[in-house]
Visitor: 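Following this message is one structure expressed as structure tokens.
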2 protein chains.
Amino acid sequence: MARRRRGRSGDGGSREWIFRAACREFAGRGFAGANVDRIAAAAGVNKAMIYYHFKSKAALYREILNDMFVAVAARLDAMASAHTTPEGKIRAFVEAIAREAEARPHFPPIWFREIAEGGTHLELATMKIVGGIVQRLAAMIREGIEAGRFKPVDPLLVHAGIVAPVLLYYASGDLRKRLTRAGLAGADSFGSDDVIAHVQRVTLGTLEGKM
Amino acid sequence: MARRRRGRSGDGGSREWIFRAACREFAGRGFAGANVDRIAAAAGVNKAMIYYHFKSKAALYREILNDMFVAVAARLDAMASAHTTPEGKIRAFVEAIAREAEARPHFPPIWFREIAEGGTHLELATMKIVGGIVQRLAAMIREGIEAGRFKPVDPLLVHAGIVAPVLLYYASGDLRKRLTRAGLAGADSFGSDDVIAHVQRVTLGTLEGKM
DNA sequence: GTCTATAAATAGATAGAC
DNA sequence: GTCTATCTATTTATAGAC
């Protein structure tokens, strides 16, 4: 442990080392389970530095939450603009969630825990960004309906059908390993690309009303 | 707070009061965030009683985890036996998960958190029960394939497509309330029956290869 | 910006009386 | 089975020197 990834290119100094170590700590142990001493050790800085850069453990956590959704929204816009058809946009939405989960491995577990906690730590600004993400998907569906290619389906049901399985896949990596080690049908039979393709197929099938 | 549901019919005494209060506490705050004093207060018993009935906070939590999956497996068997067709069994699987989430509101949030934690608290016996649940679904799919009604789809992908959205719906109740209060597209446009029907339709559409 | 030392509160667990 | 009192360890947070 201790002293990780200092001196790497793209490093923003102690503040960023702390931020990254905190992402891992909160993802692995949750807000209450996370330990400031451990974050400091993993970041390779003194504990007092955390309070120099951040107001509190809670403020640090809230900043991570906000960063997650800012990144998702940005990636969503970047990927969606490359597609013109409603189908392409839906595919891009699914892939954007998955790619963001890969870029920020703390995203799925932290979000799962925060959902379980009722979103207690979400700032208003962050909630608005979360709302905007759902609205982007709703707009894609509306567009597809107007183009006569999609049947009307509740956007939140579609959203859940995409985000829940994709994030579950990324959040459950350790659990699946553990189940496999225990001699159970752990299933390493597929990878992230299979998950993405499957969710894209299921989602479009639902929207195109082929069932 | 304090002193809840004592003297109700079906009460099993202090041990059960503690167990139920602990379910709520762990669901709302996670394992690390849960507080033994608060559990005792909510159960209306003295804190020492918790250690009289359970070995430790962790042991109490592990017992709750195990109880959850024993109940899911039991409900699954009870509901599946009432159906003969592969389609009916898949529908019953979806409904069983949902009904169990209603019967044990702590199930979705606790399971989400435990997944995020890599299943660290799962005993071997509990993991076997979890594995058995996936195997039950796999058997239903296999049966449908052999009957020429389903296309081959990875059972774990199907499982994720069912369990993730259903549990997300139940686990996100408080979050959705919070988003709505913040003036966002909270979506109270549908209820649990809509979610169940939607997931059943999507799952069968996927298995029947209509996309 | 960085570190040492420490305050101050919280929380899991147990001893022992009744 | 139940309660009081308490031990002990952990942990967030800050004061203050360099």
Side-chain angles (χ1 to χ4, degrees), chain A residues 1-8 10-65 110 113 117 120-121, chain B residues 1-8 10-65 110 113-114 117 120-121 123:
Chain A
M1 271 296 161
R3 307 259 155 195
R4 322 178 113 235
R5 50 198 84 204
R6 289 181 81 146
R8 278 214 188 160
D11 257 12
S14 63
R15 195 190 144 94
E16 198 169 317
W17 303 336
I18 292 166
F19 190 86
R20 293 195 214 198
C23 287
R24 288 189 295 272
E25 177 75 4
F26 285 123
R29 304 185 184 250
F31 175 71
N35 182 291
V36 177
D37 286 282
R38 221 159 19 219
I39 292 172
V45 305
N46 188 282
K47 179 173 47 167
M49 283 304 291
I50 292 178
Y51 294 95
Y52 172 76
H53 284 299
F54 303 91
K55 194 181 158 258
S56 65
K57 175 185 172 184
L60 170 55
Y61 178 68
R62 285 194 297 266
E63 196 163 318
I64 290 172
L65 272 183
I110 287 183
R113 292 196 206 252
E117 213 143 323
T120 340
H121 303 274
Chain B
M1 268 302 157
R3 306 260 155 194
R4 325 178 110 233
R5 54 199 81 203
R6 288 181 80 145
R8 278 214 188 161
D11 258 10
S14 64
R15 195 191 143 94
E16 198 169 317
W17 302 336
I18 292 166
F19 190 86
R20 292 194 212 198
C23 287
R24 288 190 295 272
E25 176 76 3
F26 285 124
R29 304 183 185 251
F31 175 71
N35 181 291
V36 177
D37 286 281
R38 219 156 25 218
I39 293 172
V45 305
N46 188 281
K47 179 169 57 162
M49 282 306 290
I50 292 178
Y51 293 96
Y52 173 75
H53 285 298
F54 302 91
K55 194 180 156 256
S56 65
K57 176 186 172 182
L60 170 55
Y61 179 67
R62 285 193 298 266
E63 196 165 319
I64 290 171
L65 273 182
I110 288 183
R113 293 195 206 253
E114 189 58 26
E117 213 143 320
T120 339
H121 300 94
E123 288 167 342

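Below, chain A is the first sequence line, B the second, and so on; all start at residue 1.
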Visitor: Rounded to whole Å, please give me the gap between CZ in A:R38 and C1' in D:dT12.
Guide: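 My rounded result for the distance is 13 Å.
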
Visitor: Could you walk me through whether A:R38 and A:R29 pass the side chain to side chain contact (heavy atoms under 4.5 Å, CB included) test, one step at a time?
Guide: CA-CA 11 Å; A:R38 221 159 19 219; A:R29 304 185 184 250; 3.2 Å; yes

Visitor: For B:H53 and C:dG12, give me the distance from atom NE2 to atom C1', rounded to whole Å.
Guide: 18 Å

Visitor: Could you tell me whether the side chain of B:K57 and the main chain of B:F31 form a donor-acceptor pair under 3.5 Å?
Guide: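 Pair found, side chain donor or acceptor close to backbone of B:F31.
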
Visitor: Does anything in residues 26-35 of chain A come within less than 4.0 Å of DNA chain D? Heavy atoms only, and list the residues if so.
Guide: A:A34, A:N35

Visitor: State, yes or no, whether a side-chain contact exists between B:Y52 and B:N46 at a heavy-atom distance under 4.5 Å.
Guide: no

Visitor: Spell out, as yes or no, whether a donor-acceptor pair under 3.5 Å connects the side chain of A:R62 to the backbone of A:H121.
Guide: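 No; judged by distance alone, with no hydrogens or angles, the pair does not exist.
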
Visitor: I need the B:L60 CG to B:Y51 OH distance, nearest 0.5 Å.
Guide: 9.0 Å

Visitor: Charged N to carboxylate O under 4.0 angstrom, A:E117 versus A:R113?
Guide: no

Visitor: Please report, rounded to the nearest Å, how far the P atom of C:dT14 is from the CG atom of B:D37.
Guide: 14 Å

Visitor: Provide, to the nearest angstrom, the distance between the NZ atom belonging to A:K57 and the P atom belonging to D:dT10.
Guide: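 The distance from NZ of A:K57 to P of D:dT10 comes to 15 Å, rounded to the nearest Å.
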
Visitor: Nearest 0.5 Å, what's the CD1-SG distance between A:I39 and A:C23?
Guide: 9.5 Å

Visitor: Quick one: A:F54 CZ to C:dG1 P, roughly how many Å, whole number?
Guide: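 The answer, rounded to whole Å, is 12 Å.
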
Visitor: What's the closest nucleotide to the B:S56 side chain, out of D:dA13, C:dA13, C:dG1?
Guide: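 Out of D:dA13, C:dA13, C:dG1, the nucleotide with an atom closest to B:S56's side chain is C:dA13.
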
Visitor: Quick check: do B:I18 and B:H53 have side-chain heavy atoms less than 4.5 Å from each other?
Guide: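 When only atoms from C-beta onward are counted, B:H53 and B:I18 do touch, with a gap below 4.5 Å.
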
Visitor: Could you check how far CE of B:M49 sits from C1' of D:dC3, rounded to whole Å?
Guide: 10 Å

Visitor: Does this structure show an ion pair linking A:K55 with A:E63, if we count only N-O contacts that are shorter than 4.0 Å?
Guide: no

Visitor: Are any protein N/O atoms closer than 3.5 Å to N/O atoms in nucleotides 4-7 of chain D? If there are, list each pair with its distance.
Guide:
residue : atom : partner : partner atom : Å
D:dT4   : OP2  : B:N46   : ND2          : 3.2

Visitor: Please determine if a side-chain N or O atom of B:S14 lies less than 4.0 Å away from the OP1 or OP2 oxygen of D:dT2.
Guide: yes

Visitor: Would you mind reading off the distance between A:Y51 atom OH and C:dA7 atom C1', rounded to a whole angstrom?
Guide: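 Nearest whole value for this atom pair: 13 Å.
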
Visitor: Has A:Y52 got a side-chain N or O lying under 4.0 Å from the OP1 or OP2 atom of C:dG1?
Guide: yes

Visitor: Evaluate side chain to side chain contact (heavy atoms under 4.5 Å, CB included) for B:L65 paired with B:F26, printing each intermediate quantity in order.
Guide: CA-CA 10 Å; B:L65 273 182; B:F26 285 124; over 6 Å; no

Visitor: Using only heavy-atom distances, determine whether the side chains of A:E25 and A:Y61 contain a donor-acceptor pair under 3.5 Å.
Guide: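 The answer is no; no qualifying pair exists.
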
Visitor: To the nearest 10°, let me know how far the axis at one end of the helix from C:dG1-D:dC18 to C:dC18-D:dG1 is tilted from the axis at the other, five pairs an end.
Guide: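 Answer rounded to 10°: the end axes differ by 0°.
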
Visitor: Can you measure A:I50 atom CD1 to C:dG1 atom P for me and round it to whole angstrom units?
Guide: 15 Å

